[in-house]
Amino acid sequence: MTSAIVDGLNEGQRAAVTAPPGPVLVLAGPGSGKTRVLTHRIAYLVNELHVPPWRIMAMTFTNKAAREMMHRVEGLLGGRVKGLTMGTFHSICARILRREAERVGLTRDYVIFDTADQRALMKVVITEDLNLDDKRYPPERVLGRISNAKNELIRPDGYRPSDYFDEIVKRAYQYYEARLIANNAVDFDDLLMHTALLFREHHDVLARYQNSVDHVLVDEFQDTNAAQYELLRLLTARSKNIFCVGDEDQSIYRWRGADYRNINRLRRDFPELQTVLLEQNYRSTQVILDAAQAVIDRNTHRTPKRLFTDREGGPKIVLYEAHNEQYEAEFVVEQIALLVKAGEAEPGQCAVMYRTNAQSRALEDAFIRHNLPYRLVGATRFYGRREIKDVLAYLRIIHNPDDSLSLMRVINTPPRGIGDKTIASLQAWAESNGISLFEALTQLSSDPSAGPLDGRARRALGSFAEMLNGWRAISRNMAVGDLLKLVLDETGYLGWLDDGSEQGRERVENVMELVNVAAEAEDLPLQEFLEEVALVSDVDTLTEDVNAPSLMTLHAAKGLEFDVVFLVGLEEGVLPHQRSIEDPDAEQMAEERRLMYVGMTRARKYLYLVYCFRRTVWGESSVNMRSRFIDDIPPELLVPPHAAFPGMPDIGGPPRRMGGPPRVRSSAQMEIDLGESAIRTGMRVLHPKFGEGIVVASRMSGDDQEVSVMFDEAGLKRLMVSFANLTVLDG
DNA sequence: CTGATGGGCCTTTTT
DNA sequence: GGCCCATCAG
């Protein structure tokens, strides 16, 4: 019996899958079969321990991972598994909150505000509620602090300001929460915080969930934050059946509150915790593993792991210096074409990964130039596009009329003669009567004597209100797709979008795409449709049915694998990102290193590391050093492009200087060296004011050279060589 | 009230 | 280089 489930698993995996009930932590390297362990564990619980599927809850990082895992569990158990809860933390919390909405001051019709909605709402808070300048107090910065607080489960009244800015943040937080509730809305962080606090503060609710959920499983445990951890802790406090899978070396979400110290908390809160270590890798060749290991080994404070595989050897890793990002993209496309032609890879098994979304443009251009299809993950999020947000705003008001933010968004989109002044007096009237914007609108249109405004403005508002109420009346009995078509039809939105320009056509197409999505979701209630749309992640859009290379950020690449992986933009300032170089907190640099590690370990067979001599950022071209991470890789593992695989033609230009001792000068520095400045990276210099320091970075800025110097006393400074009066001590 | 124009700021990374 | 926003003329 057992054999059916654990067949083909190695010893470690088997130990994890068949561990007796109780807290279990599986610390596993990349490609060690984490997903496999998780799916087999679920199958084991159901089949061997006879746990009813509806008493099992599994949290994943993306919806895609949830879908895949569900699929595999069904494969193992031979059919549909009824009632098994599987999803992201956010979607599971959204579902719980829908049932318990009243407890946190919402109704079950609440909507989820995305990043853009949050920013818009915060802008109102800062400029109107607090009467402050949103230049001095940028909404994003305020929201950033609030987000951190929420992830730590700190409510407005518990917020402890540590500086003046924080004082403002605290007040903004108070108004912001009030406005969210007034809109019957939550933001992403609220989904977690509300649910965790609900469990913490309402013992009857917690008891109900504790009694109905016997086993909780968590994927990517290293990337959980305090709120998520609290949720897990409370949920499993009675059963103790918590099964976590993670890898601290792949923790790449510290910036949004993820805290891999949760691993220590787990040990503390569940003393009987069983830990299983998985080090065998089934994905990559030994060459790739050795290189990745060399990169990650430089991080301190980690549980040492020694990755191994029986896939001995493997092709060497290709290192290539491109002239600029256009050539870089050109190189990638060329190599993919060659690999495919040589039968070494399928197009769909190739992926290009980069640090920031902005880097996708040059790559896309190259693919388009060569008339080759590609799959872009993320970038300008489909659901972030203006036209999509507009159309969704209509659906959101229909579903939740308290959503004043959405109402404001479309009250005059497309233009229907409701201008700023009209809106202002409507808002003022609503506020003085203590009613929502929608309520005000409805009252104005049904009672001609009520409120301010007359004539044209009033007629415009009236017909808009009528339209909204008409949709609301029939929406319950209508499929989402049909409702959407009705809205588009009655507002004339598409006609307004299509202004004859190329962009207009594109926007219409996007909306039509949304209509398709809605039509496919025919049996989904409006609430769930909106929820799904708000919580899709970038990787969720990665479709398997197109055999084309994928382009994505390193963050989006987590949990995926490909035969061929290109890591591009491996330059100081890009990866590691400039912000982490400047930050004194070494943790940020450590995270960049983990990002590199995640990228490298996505590759099964071929790994390409590519960097640029010059790169254009914001229309300005500059020269960067190649990434320090490259120089951590043993040189004997690296080869130039023409040696990539047998039969590879020598098209990569003359072989570049490969490997060598760390901090070797790339030709990027050579050019600067030949200039008159003669300041190079690695040199010790003396500055009249800052004292002695070492040059850590250098780039050309216009005609001048800009250097970053880490001074022994004064710390990191950026200086222009022509002004700085630096004396070279040694090179 | 609408559409055009130019300035400012920008790029981490995402649910 | 591009997007968002504020400002202004019609």
Side-chain angles (χ1 to χ4, degrees), chain A residues 59-66 87-94 112-116 118-120 123 134-135 138-140 144 147 150-151 186-193 220 223-225 227-228 251-258 325 353-362 365 377-381 383-386 412-423 456-457 460 496 499 501 503 531-540 552-558 569 573-583 588 591-592 594-596 598-599 615-621:
Chain A
M59 331 289 221
T60 59
F61 205 72
T62 64
N63 291 306
K64 182 170 184 266
T88 61
F89 271 97
H90 286 86
S91 65
I92 288 174
C93 287
I112 300 166
F113 276 10
D114 68 13
T115 316
Q118 292 181 50
R119 208 178 304 144
K123 198 178 165 175
D134 65 336
K135 295 273 191 306
E140 302 84 71
S147 174
K150 287 187 177 183
N151 287 332
V186 299
D187 64 20
F188 289 128
D189 301 318
D190 278 340
L191 287 170
L192 306 176
M193 181 178 77
E220 311 279 12
D223 278 323
T224 52
N225 62 32
Q228 289 163 326
S251 161
I252 53 175
Y253 283 98
R254 209 179 79 98
W255 51 274
R256 72 170 204 208
E325 68 270 23
M353 300 169 189
Y354 36 80
R355 179 65 177 82
T356 65
N357 277 309
Q359 290 168 257
S360 72
R361 170 161 272 111
D365 286 348
V377 180
T380 347
R381 292 169 56 85
Y383 290 103
R385 291 174 192 275
R386 182 161 68 237
N412 202 32
T413 312
R416 51 175 71 89
I418 304 176
D420 291 346
K421 276 170 98 173
T422 311
I423 293 171
R456 215 167 46 187
W496 174 73
D499 55 1
S501 72
Q503 201 178 36
E531 193 175 289
E532 213 170 277
V533 155
L535 296 178
V536 284
S537 72
D538 286 343
V539 253
D540 293 337
M552 68 189 81
T553 62
L554 287 161
H555 283 88
K558 174 154 98 155
V574 181
L575 182 71
H577 193 269
Q578 190 63 37
R579 298 269 262 255
S580 56
I581 295 176
E582 285 163 4
D583 200 283
Q588 284 210 33
E591 181 143 318
E592 298 287 308
R594 292 194 290 268
L595 216 36
M596 174 87 178
V598 167
R615 175 173 298 276
T616 305
V617 186
W618 306 326
E620 217 185 311
S621 177

Original post:
If you measure only the distance, is there a donor-acceptor pair under 3.5 Å linking the side chains of Q118(A) and T115(A)?
Top reply: no
Original post:
What integer distance in Å separates R579(A):CZ from dT11(B):P?
Top reply: 8 Å
**OP:** Establish, with yes or no, whether the OP1 or OP2 oxygen of dT15(B) is under 4.0 angstrom from a side-chain nitrogen or oxygen of N63(A).
**Re:** no
Original post:
Any donor-acceptor pair under 3.5 Å linking the side chain of H555(A) with the backbone of I252(A)?
Top reply: yes
Subject >> D365(A) CG to dG1(C) C1', straight-line distance once rounded to whole Å >> reply: 12 Å
Subject >> Value in whole Å for how far the C1' atom of dT14(B) lies from CG of N151(A) >> reply: 12 Å
**OP:** Give a yes/no on whether any side-chain N or O of T553(A) is located under 4.0 angstrom from OP1 or OP2 of dT14(B).
**Re:** yes
Subject >> Candidate nucleotides dT11(B), dT15(B), dT13(B), ranked by approach to the side chain of H90(A) - the nearest >> reply: dT15(B)
Original post:
Which is true for Q118(A) with a 4.0 Å heavy-atom rule: it touches a base, it touches only sugar-phosphate, or it touches nothing?
Top reply: nothing
Original post:
Between CE of M193(A) and CG of N225(A), what distance do you get to the nearest 0.5 Å?
Top reply: 12.0 Å
Original post:
Taking only residues two or more places apart in sequence, or in another chain, which ones meet A116(A) in a side chain to side chain contact (heavy atoms under 4.5 Å, CB included)?
Top reply: D114(A), K389(A)
Original post:
Do we count W255(A) as stacking onto dT13(B) if the rule is ring centres under 5.5 Å and planes under 30°?
Top reply: yes
Original post:
In whole angstrom, what separates E531(A)'s CD from dT15(B)'s P?
Top reply: 15 Å
Subject >> Non-neighbouring partners of E591(A) that pass side chain to side chain contact (heavy atoms under 4.5 Å, CB included), sequence neighbours left out >> reply: R254(A), W255(A), R594(A)
**OP:** Would you indicate whether E532(A), at its atom CD, is surrounded by more than 12 heavy atoms from other residues, nucleotides or ligands within a distance under 6.0 Å?
**Re:** no
Subject >> Rounded distance in Å - NE2 (H577(A)) to P (dT11(B)) >> reply: 10 Å
Original post:
If you measure from NE2 on H577(A) to CD on E592(A), what distance do you get to the nearest 0.5 Å?
Top reply: 7.5 Å
Subject >> Pairing residues for R256(A) by the side chain to side chain contact (heavy atoms under 4.5 Å, CB included) criterion, not counting sequence neighbours >> reply: F61(A), Y253(A)
Subject >> Separation of the C1' atoms in dA6(C) and dT11(B), to the nearest angstrom >> reply: 23 Å
Original post:
How is T115(A) classified with respect to the nucleic acid when contacts are heavy atoms under 4.0 Å: base, sugar-phosphate, or nothing?
Top reply: base
Just the atom pairs and distances: protein N or O near nucleotides 1-7 of chain B's N or O, under 3.5 Å.
residue, atom, partner, partner atom, Å
dC1(B), OP1, G419(A), N, 2.2
dC1(B), OP2, D420(A), N, 3.3
dT2(B), OP2, N412(A), ND2, 2.9

Original post:
CZ of F89(A) versus C1' of dT14(B): gap in Å, rounded?
Top reply: 15 Å
Original post:
To the nearest Å, how far apart are I581(A) CD1 and dT11(B) C1'?
Top reply: 14 Å
Original post:
Which letter, B, S or -, goes with each nucleotide of nucleotides 2-10 of chain C from 5' to 3', with contact meaning a protein heavy atom under 4.0 Å?
Top reply: --S-S----
**OP:** Please report, rounded to the nearest Å, how far the C1' atom of dT11(B) is from the CD atom of E325(A).
**Re:** 14 Å
Subject >> Counterpart residues, side chain to side chain contact (heavy atoms under 4.5 Å, CB included), relative to R416(A) (two or more places apart) >> reply: Y394(A), N412(A), P414(A), I418(A), F464(A), M467(A), T491(A)
Original post:
Base, sugar-phosphate alone, or nothing: which one does Y253(A) contact when heavy atoms must sit under 4.0 Å apart?
Top reply: sugar-phosphate
Subject >> Any donor-acceptor pair under 3.5 Å from Y354(A) side chain to L554(A) backbone >> reply: no
